[in-house]
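Everything below concerns the one structure shown next.
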There are 2 protein chains.
Amino acid sequence: MTLAQPEARPYHHGDLSRALVEAARRILETDGPAALSLRAVAREAGVSPAAPYHHFKDKGQLLDAVAHEGWVALDAALMKARQESDDDRRRMTSLGVAYVTFARDNPALYRVMYDCSRDKDALPDQMKEEGAYCQVRNTIAHAAGDGVSEIDLELATIAAWCAGHGLAEMSGFKQFESLKALLGGEEAFLKAVFDHLGMFAKFDRG
Amino acid sequence: MTLAQPEARPYHHGDLSRALVEAARRILETDGPAALSLRAVAREAGVSPAAPYHHFKDKGQLLDAVAHEGWVALDAALMKARQESDDDRRRMTSLGVAYVTFARDNPALYRVMYDCSRDKDALPDQMKEEGAYCQVRNTIAHAAGDGVSEIDLELATIAAWCAGHGLAEMSGFKQFESLKALLGGEEAFLKAVFDHLGMFAKFDRG
DNA sequence: CACGGATCTTGTCGACGTCAAGATATCTTG
DNA sequence: CAAGATATCTTGACGTCGACAAGATCCGTG
């Protein structure tokens, strides 16, 4: 009865690169960023502690790969939020809520994404089409119309991104729980905060 | 000639708690957060690797102490920015610039401050008078006058804090360097971004 | 002076990131 | 198909880390 042994492990080991990244994400989700050691990833993937070094130069490069998957997922989440757009009048706020929601739903992954960015003093390739940053800029450009300068567009995008990132990191703090309850939940809280950032309201319209 | 031997080290070791925190800050400033191990701190302070455990339960508690000093320093920086206030018409923006400037000038310390907060899912005692959060809220309350509700005041404070924190973490990214140069420097860049967050302009006035 | 408690050192443990050397499987070439 | 080259994985090791236990040292107090 050897038929259909699950995932008949290929000879050498299949493509370990992918397996390692998936193992890393599994560990991130279940045990958090503190438990994400190279050795733990190797264990989770069922290989020896030194095996990853044939696919990634060091731990940082593995994290870079994980972070890259995170950015792709975030791009998709924002794209989805834009396309659904059942809330045309509040496009920018919807985008902001989607951004923060992604960060809240994948806190460990989001942390890895930004830690990798900090190590390189730069966001990853966000500027290409469908990159998250570019999506925000395009949304603002569309809402602002033609009369907006390149500089203003860039500044507005940065401002929006900063607000989103700040809220993503801070909305989990206990201090705000009573206020969230008072406003009727997490999403209402997020929308209320964005409302207080005038630029979001400015770019939201019907 | 034994007079004035520098810092005649007291018997057992003086008050190590303070010495350890200072050593930690020294390491943070010179070698960054990655180099901040308990053993390195002990080395820097001139004691054995296990000595810190008589003053701090674990590494986290030492970092908590370092972070606490950071928050106190941030409180002072904001207070100074408010009192100088040579720019009455743009009080809120000045406060935001002071906040981000502190984070840019002490990047490693700022990182430790927020990492500790995340571990506890809460900001430290910011709510007491002169705490940074409270200073922001008071500034907004003063600018907004009497007609503002408690909830709106809290939301506006959170929104401002998120914008400041986000900009503090992102303004170092390479992507924005050309824009900074184009606007005439770091501070001009920060002010421009804050300008695009309507609420700052709303609360700035003469 | 003696003793108890605080402080610091030494020694040790398991886990980590990383590398070198060896083993094994796949690919390439004749 | 055989045989060397190459890619992949394992084993073993090194230095560092956080943390703890046991022992040494010093202080204050009775």
Side-chain angles (χ1 to χ4, degrees), chain A residues 2 5 7-67 108 111-112 115-116 118-120, chain B residues 5 7-28 30-67 108 111-112 115-116 118-120:
Chain A
T2 60
Q5 40 185 337
E7 290 300 330
R9 174 161 60 172
Y11 28 53
H12 237 131
H13 216 143
D15 66 317
L16 233 195
S17 300
R18 177 145 228 91
L20 288 171
V21 174
E22 286 170 4
R25 289 196 59 173
R26 231 172 298 139
I27 292 177
L28 265 186
E29 285 167 15
T30 61
D31 300 330
L36 190 63
S37 69
L38 247 190
R39 295 176 107 105
V41 173
R43 266 191 307 269
E44 172 77 22
V47 293
S48 81
Y53 285 90
H54 293 266
H55 299 269
F56 300 97
K57 180 179 154 292
D58 55 17
K59 183 183 180 181
Q61 279 212 353
L62 208 192
L63 294 191
D64 284 346
V66 174
R111 183 104 68 99
V112 169
D115 285 346
C116 287
R118 261 193 296 242
D119 288 346
K120 297 198 279 290
Chain B
Q5 40 185 335
E7 291 300 331
R9 175 160 62 170
Y11 33 52
H12 239 133
H13 220 142
D15 65 323
L16 234 194
S17 301
R18 179 146 227 92
L20 288 171
V21 174
E22 286 170 5
R25 290 196 59 174
R26 231 172 298 142
I27 293 176
L28 266 186
T30 61
D31 300 329
L36 190 65
S37 68
L38 246 189
R39 296 175 106 105
V41 173
R43 267 193 306 269
E44 172 77 22
V47 294
S48 81
Y53 286 92
H54 292 268
H55 299 268
F56 301 97
K57 180 178 154 291
D58 55 18
K59 184 184 180 181
Q61 279 213 351
L62 209 192
L63 295 191
D64 283 348
V66 174
R111 183 104 68 97
V112 169
D115 285 346
C116 287
R118 261 192 296 242
D119 288 346
K120 297 198 279 289

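Below, chains carry the letters A, B, ... as their sequence lines are ordered, and counting in each starts from 1.
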With side chains defined as the heavy atoms from C-beta onward, is the minimum distance between B:Asp115 and B:Leu63 less than 4.5 Å?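 No. Closest side-chain heavy atoms not under 4.5 Å.
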Taking the side chain as everything from C-beta on, heavy atoms only, tell me whether B:Asp64 gets closer than 4.5 Å to B:Phe56.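 A side-chain contact is absent here, since even the closest heavy-atom pair is not under 4.5 Å.
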Please confirm whether the backbone N or O of A:Ser17 pairs with a side-chain atom of A:Asp15, one donor and one acceptor, at under 3.5 Å?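 No; zero donor-acceptor contacts below 3.5 Å.
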Gap between atoms [atom1] and [atom2], on [X] and [N] respectively (whole Å):
| X | N | atom1 | atom2 | value |
| --- | --- | --- | --- | --- |
| A:Phe56 | C:dC19 | CZ | P | 16 Å |
| B:Asp15 | C:dT7 | CG | P | 11 Å |
| A:Leu16 | C:dA25 | CG | C1' | 14 Å |
| B:Lys57 | D:dA19 | NZ | C1' | 11 Å |
| B:Lys59 | D:dT16 | NZ | P | 16 Å |

Does A:Arg43 put a side-chain nitrogen or oxygen below 4.0 Å from OP1 or OP2 of C:dC16? yes
Ignoring backbone atoms, establish whether A:His55 has a side-chain N or O less than 4.0 Å from OP1 or OP2 of D:dC9.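 Affirmative; the distance criterion is met.
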Given DNA chain C, 5'-ward residue of the pair A:Leu36 and B:Pro52, judged by closest heavy atom: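 So the residue in question is B:Pro52.
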Starting at the 5' end of DNA chain C and moving along, which residue's nearest nucleotide shows up first, A:His54 or A:Leu38? A:Leu38
Nucleotide of [options] approaching [X] most closely (side-chain heavy atoms):
| X | options | value |
| --- | --- | --- |
| B:Arg39 | C:dT18, D:dA19, D:dC20 | D:dA19 |
| A:Tyr53 | C:dT7, C:dG17, D:dT10 | C:dG17 |
| A:Ser37 | D:dC17, C:dG17, C:dT18 | C:dG17 |

Just one of B:Arg43, B:Glu22, B:Glu44 clears the side chain to side chain contact (heavy atoms under 4.5 Å, CB included) bar with B:Ile27, so which one?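 Going through the options one by one, the only one that passes is B:Glu44.
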With a non-hydrogen cut-off below 4.0 angstrom, is A:Ser48 in contact with a base, only sugar-phosphate, or nothing?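 Base contact.
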